[in-house]
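Below: one structure, written as structure tokens.
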Amino acid sequence: MTKTEELLRLVLQTHAEDAPKIDALRMAEPMPRSRWRWVAPVVAAAVTAAGVLAFTWIGNAQSGQDVANPAGASTEVPDIRGLLGKDVGDALGLTPAPKDPDGCYAFAEYANNGWGFCYDGVLPEADVAGKEAFYLLGRQINGHAPTEAGADYLAAAIELEAMRQGSIEYDADRQEALLSALAEYEGVTETLAGLRGTPLDGPECPKPESDQGAVAQPTPDTEIPRPTSLALCRPGHGTFEIPEDDPMFGRVLKVLSISSPSEAPLGCLDYADVPVSLVATTDDGIYLVYIPEDGCGHYNAQAKKTLYTAIK
Amino acid sequence: VDDFDAFVRATGPSLARLATLLSGNPHTAEDLVQSSLLQAHRSWNRVRAVEHPEAYVRQILVREYLTWRRRKSTGEMVTDPDAVSARDRRRGPDPASEVTEADAMWRRLQQLPRKQRAVLVMRYYLDLPDHEIAALLQSSTSTVRSHISRGLQTLRVQSTAMPEDSPR
């Protein structure tokens, strides 16, 4: 260890003592609305709801409506198709806010003076679909009417997120239709080769040969029937299950079915994927799933992104 | 809910320490921890089912830090100057060069690009190996090593008290 490294360790240990005191009760207190208006209802519910996890439709929560759904009855998602600008947020029950409020990830303006809505909790977070929808919304707000396909996409993204959060009733057929709508807009046009891999003896994550090693990508020589669950094994991080009723499940299966091109593109980027393995449980057995690759031998970017989104 | 409450009690302090080292000041650290725990709560059923929930939330926190909304119109997350000066005041003038160098290093650390800083904190505070840092950042081990190397190069103290780095 060099002297710089040694001093760095010392500095980090010393300054870690400056950390604020975090206690659960304080975390449960409603945060100041000026900074945390978007998240306070959810955090407060974490400790004070006395067993009732009222995952609420955040827009309605902000508008003060009673949106708890204890009976599991379906709550209709407002249809924003055909709406523009401020009407979109109003339809969703959101509260206007000045530009870039702290703690808001997906803020979209509806006017050039900076006012807009925070769409956190309304649109899917941190995945291609969410970001795409977010930017689409921005364009929409700036007076560019979305195409019919774009409006369908945004509506599907919002409904899918509501289903994921449990603010509307889960419906497998509906979910499939929504995912198809998203995939259609995003142009998942690659040839689908089906889910492939090799049989495994058990559902456990296959062990690498050494601690630092990785499980080799299986050969895609066996067709895998539709799984009932998937398990993503990440060395050093554990196993992340993606059950059949997960809203992302159908989408994950679709991107895993993309065929891998046999020819390399003009050039390959010099990087190595963090190796993972994917175990599929089906009614006919357990399989190690082949993750589609690009022409350079890297994981297919879309498959990788979808998998990580699913386990987020 | 009780599970989550207990989880916050058990892991809050360590998450706060990590957030403080990443963000450079306790106020932003508190916001980061709250935001990360909020995300964890949203997916609590999934989080508590994983092998190491704390590692999972730590991952959320690091990513939250890397994508934290920029502050004010400057577009940068500023370090709280009061926090630094308060520390200096507590110490008072210290003739020991090591203290001066430590403070200088802390200031340099805060000027590093976020990813470099996060990688250094994960390596030298959390003691995570390259491949775990790479997995957490969805990056490659060679990229992680590159961040470490560049970060250390920037931090390297160039004073007579610490002449040149040499492996020990």
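Sequence lines set the chain letters: A, B, ... in the order given, protein chains first and strands last, and positions in each chain run from 1.
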According to ring pair (Phe, Tyr, Trp, His ring centres under 6.0 Å), who are the partners of F249(A), at least two apart in sequence or on a separate chain? none
Counting only N and O atoms by type, is there a donor-acceptor contact under 3.5 Å from the side chain of T154(B) to the main-chain atoms of R150(B)? yes
Can a donor-acceptor pair be found, under 3.5 Å and without considering hydrogens, that links the side chain of E132(B) to the backbone of P129(B)? no
So for [X], is it side chain, backbone, both, or neither that comes closer than 4.5 Å to the heavy atoms of chain A?
X	value
V121(B)	both
D127(B)	side chain
A135(B)	both
I60(B)	neither

Sort R9(A) into side chain, backbone, both or neither according to what part of it lies under 4.5 angstrom from a heavy atom of chain B. both
Options I148(B), L136(B), L18(B), T141(B), ranked by heavy-atom pairs under 4.5 Å with chain A, top entry: L136(B)
For E51(B), all residues meeting salt bridge (Lys or Arg N to Asp or Glu O under 4.0 Å), sequence neighbours excluded: none
Which one of V252(A), L307(A), T281(A) satisfies the side-chain contact (heavy atoms from CB on, under 4.5 Å) criterion with L230(A)? V252(A)
